[in-house]
Amino acid sequence: MRLSSRTFLVACLTALAALPAMADKRWSLDSAVPDDVYLYVHTVKNPENEFLEAYWAQVWEAFWNVGLLDEVKGLILSKIPEAPATPDQPEQPSPRAVYKEKLNQLTGLVKQVDWKELLGNEFAYAQRMAIPNQSHLYLFRMDRKMADKNAAGLKAILKGIPGLAGMGEGGALTVTESERHGAKICLLELGGEVSLAVAQRGDTIAVGFETTLVHVEDEGRPAAANHGPTNRMLDSALRLLNGDKTVKRLIDRENFKRAMAELPKPENERFFFDAGNLFDSLQKGLDVVQTSIIPEADQADTAPIMRAVQKAIDHLRFIDCSASVELTEGFSTHCYSVTVMTPNAKDKPLYRAFCGTPPVKEFDKYIPKKATGFNVSSGIEWLALYEAVIGFVRDDVPGGQEKLAEWDAIQEKMGLRLDRDILSWMGDTMISVSMPPVIPNPFGGEDWVLLMKVKDEARARQTIESGVAALTALLSGNQGKMPLTTQPAQNPSLEGFISVTYQPLMMFFRPIYGFADGFLIIGSSENVINRCLKTARGESPSVRENKRFQEEGLMPSGPVTGISFADKSQMGQQLAQAMGMLGMFGGMIPMPEEEAAQIVRTIFNMLQKLAPVVAQINFYRSKASVCTFDGKIYRSETVTNYKKPAPPEPEAEEETTAAAPPKT
C-alpha cells in the first residue's frame, strides 16, 4: 500500500511529537511527587556514567576487603557481657549471644534486598516540612521482577523490626498490611506518632517515613485518619501513581516550571529546592507549636519569641527557589543551576548583604599561569549584614535594646568595635590561589595566597597590627616562653609586608601578610605573593594562558560573581595521607582509663585502615565552576573532570606447541 506525501508528513510529525514523552520515560517518577514538598531530588541511570560506576565499584571493593565492618561488629560485641543474663539460670543465652543472633537476623533481612538494583535505576526523594511534623518520600522504579523481589525484602525488614527491637506481640511497634490505590502497603508504626511504610505498585516501590507529633489539618486536604493505615505523603504519591487528578503535583508548580525552563534537559539528576514553601511551612509550624504544644499558661511569655522567629524567617524571603540538573559529556559531568530571587527581593536587608556586591570584571588579574587552583568571589557586604542583624535585634527581638546595650559595653571594654574597627574596612571581593610549593613541605601541601579587598587600608593596617601585637604579648606570657616573632619581608618588592613565625608551628605555617593594590594579602611564602603581584602588574602571564585551565576549566565571557578551579588529581593520595596521620596520632591521645583508651585506639586503627580505601578515589582530575547574577537569577555551571579509564590489559596469548618451521 502506498502512502501519500500528506499521510507520511502527518506520521512523521506525530512521531516527532511523541519523542519528548518517550525520552522522559526515564523520569516518570516525577509525576508521583506531590506539590507540597520543599525538597526534591531525582536521579536516573545513564549509560554514559558506566565509567564512574566502575570507579566507585573499586572503592567499595577496597572497603569490603579491609574488613572494617567486622571490626566494628567485634568492638560492639566485646562490650556486651558474655555471661548468662541470669546467673541462676545458666541455660539462658548471654546478652552477647542474644545480640549476635539479632545482628545475624538483621543481616539476613538486609541481604534479601538487591540494593544496587533498588538505587541504581530511577530514584526520587522528596521532603515535606510541617514543624513539628516531617514527611520523607522515597520512590524507586526498576524491572518488575526486581521490584517484586525488593518490595518483599523491604517489607520483610519492616516485619522483622518489632521482634529485633523486643517490642513485638502487643508492643508499641505494630505492623499492618493493606491495599490502597492499586498498591500493596506494609506499615510499621510507633504509637501513632512515627510511621514507616513500604508500598509497591507495579514496577514502582514507594517508601514513606513520617513523624506526626501533632495532628493538624492542612487547608483543603483530608484528614490523615481518612486515608487508612499509611502516612499522608505516601498516600498522596500512591494516589498520583494511580492517576488521581485531584492531587496536585510538584512538576505543575509555576516556580518549578520556570526554574527548569532556565536549565538544559537533565541526563543524570535534577534537584529542586522551594525556599518559599519551606519558609511557609516553618512559619505555619511555629503557629502550631505556639497554639498546640506550648501550655496555654506559657503562651503569653513565648509569643514575643515566636514573633521574632517569624520575623527572622521573613528576612530570608529574598530567595524563591533553586534548581539544578546534571549531564555527562565524555569523562566529565556538568551541573547547571539557577537560584531565583523573589519579586520584592531588593526590599530585604539581607539582599543587599548577599546579592548587592558588584561582579568581578578581571577574575584572573592576580592568578599566575602556574596556579593549580583558585577561587574568586564577589563576596558579602559584611557591614550591611551586620547592620541587618543589629536592626533585627533592635526592632524584633524581645529586650533587644538592652541586649545591644550589653553588646556595646562589651566592645567598649575590649576597646574594639566590630563595625568600626573590622567590618567597616572589609571589602567584598575575595581571592584565593594555590601554587606548587617553592620549598616542598615534608607533610605535603601547596603554597597559597588569600586576598581580601579593603575599603580603608589605614584602618585595616591598624587593626591587623594591633591584633598581632596582642597575640604576641599573649604567647610571650605563656609558661613555655615561645613568643610569636615578626620581621619585615626580605623581598624588596614586598615593602611593608611582615613575616610571622611561631616556633611550634613553623614547620607547617609561616605566613606573610601585608597590603597592596587595595587588598589585605596573606600568603604562605614571599615568593607566591610576589608572583601574584607580578601577574597583576602584567609582568607574568595569568591563568588564562594555563593550558590545563583552558582544557578543563570554565572560561567566562564577562564579569562573574564567582569562579573557581581546583586540581583534584591527587585527592585520593591526600585523603589517604590524612587518614594515615589520624590513625598514627590518634593512638597517642592520653586517656585516663584503659578501657576507654582501648576503644579510642581501635577506632583510630579503623581510620588508618581506611587509607587504602580512600586512596582508590584517584579518578578525579579537576573541578571548575563559574557563576553570574543579573539581579534576579544566579546562574552557575560546575564541571567535574575525571581521568580516562585505562584500557583493559590484553589477554596473554596461549603458548603454541607447534614445531617451528624449518629454516630455509
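Both backbone and side-chain heavy atoms feed into the values below; hydrogens, waters and symmetry mates do not.
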Worked verdict on K365 versus D517 for salt bridge (Lys or Arg N to Asp or Glu O under 4.0 Å) = CA-CA 11 Å; K365 184 175 181 179; D517 299 350; 5.6 Å; no

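- A 4.5 Å side-chain heavy-atom check between S542 and T535 finds at least one atom pair inside the cut-off.
- Ion pairing between E262 and K257 fails under the 4.0 Å rule for side-chain N and carboxylate O.
- The shortest side-chain heavy-atom distance between L383 and E381 falls under the 4.5 Å cut-off.
- A ring-centre distance under 6.0 Å is not found for F271 and Y40.
- Contact annotation: the side chain of S569 approaches that of K643 to within less than 4.5 Å [non-hydrogen atoms, C-beta and beyond].
- Within the 4.5 Å cutoff, no side-chain heavy atoms of F497 are placed close to those of P488.
- Classified by interplanar angle (parallel below 30°, tilted 30° to 60°, perpendicular above 60°), the ring pair F629/Y351 is tilted.
- Using a 4.5 Å heavy-atom cutoff, the side chains of L450 and I521 are not in contact.
- Atom CD1 in I431 sits 10.0 Å away from atom CG in D364 (nearest 0.5 Å).
- If you look at F272 and F256, their ring centroids are closer than 6.0 Å.
- The aromatic rings of Y336 and H334 lie parallel to each other, their planes meeting at an angle below 30°, with 60° marking the opposite boundary.
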Please step through salt bridge (Lys or Arg N to Asp or Glu O under 4.0 Å) for the pair D395 and K311, ending with a clear verdict.
-> CA-CA 10 Å; D395 301 333; K311 189 68 175 180; over 6 Å; no

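- One finds no salt bridge joining K453 and D428 here, because no Lys/Arg side-chain nitrogen approaches an Asp/Glu carboxylate oxygen to under 4.0 Å.
- In this structure, R26 does not pair ionically with E267, as no charged nitrogen and carboxylate oxygen lie closer than 4.0 Å.
- Residues V449 and Y366 form no side-chain contact, since every pair of their non-hydrogen atoms from C-beta on lies 4.5 Å or further apart.
- Under a 4.0 Å N-O distance rule, the pair D419/R417 qualifies as a salt bridge.
- In this structure, R317 pairs ionically with D280, as a charged nitrogen and a carboxylate oxygen lie closer than 4.0 Å.
- Between K370 and N546, the closest side-chain pair of non-hydrogen atoms is not below 4.5 Å.
- Between the OH atom in Y38 and the CG atom in L278 there is a gap of 5.5 Å [rounded to 0.5 Å].
- For the pair N49 (side chain) and L52 (backbone), a donor-acceptor distance under 3.5 Å is absent.
- With a 4.5 Å cut-off on side-chain heavy atoms, Y55 and P645 count as touching.
- R270 has a carboxylate O that lies under 4.0 Å from a charged side-chain N of D30, or vice versa, which qualifies the two as a salt bridge.
- Here the side chain of E526 pairs a donor or acceptor atom with the backbone of N491 at under 3.5 angstrom.
- Taking 4.0 Å as the cut-off between side-chain N and carboxylate O, K623 and D567 do not count as a salt-bridged pair.
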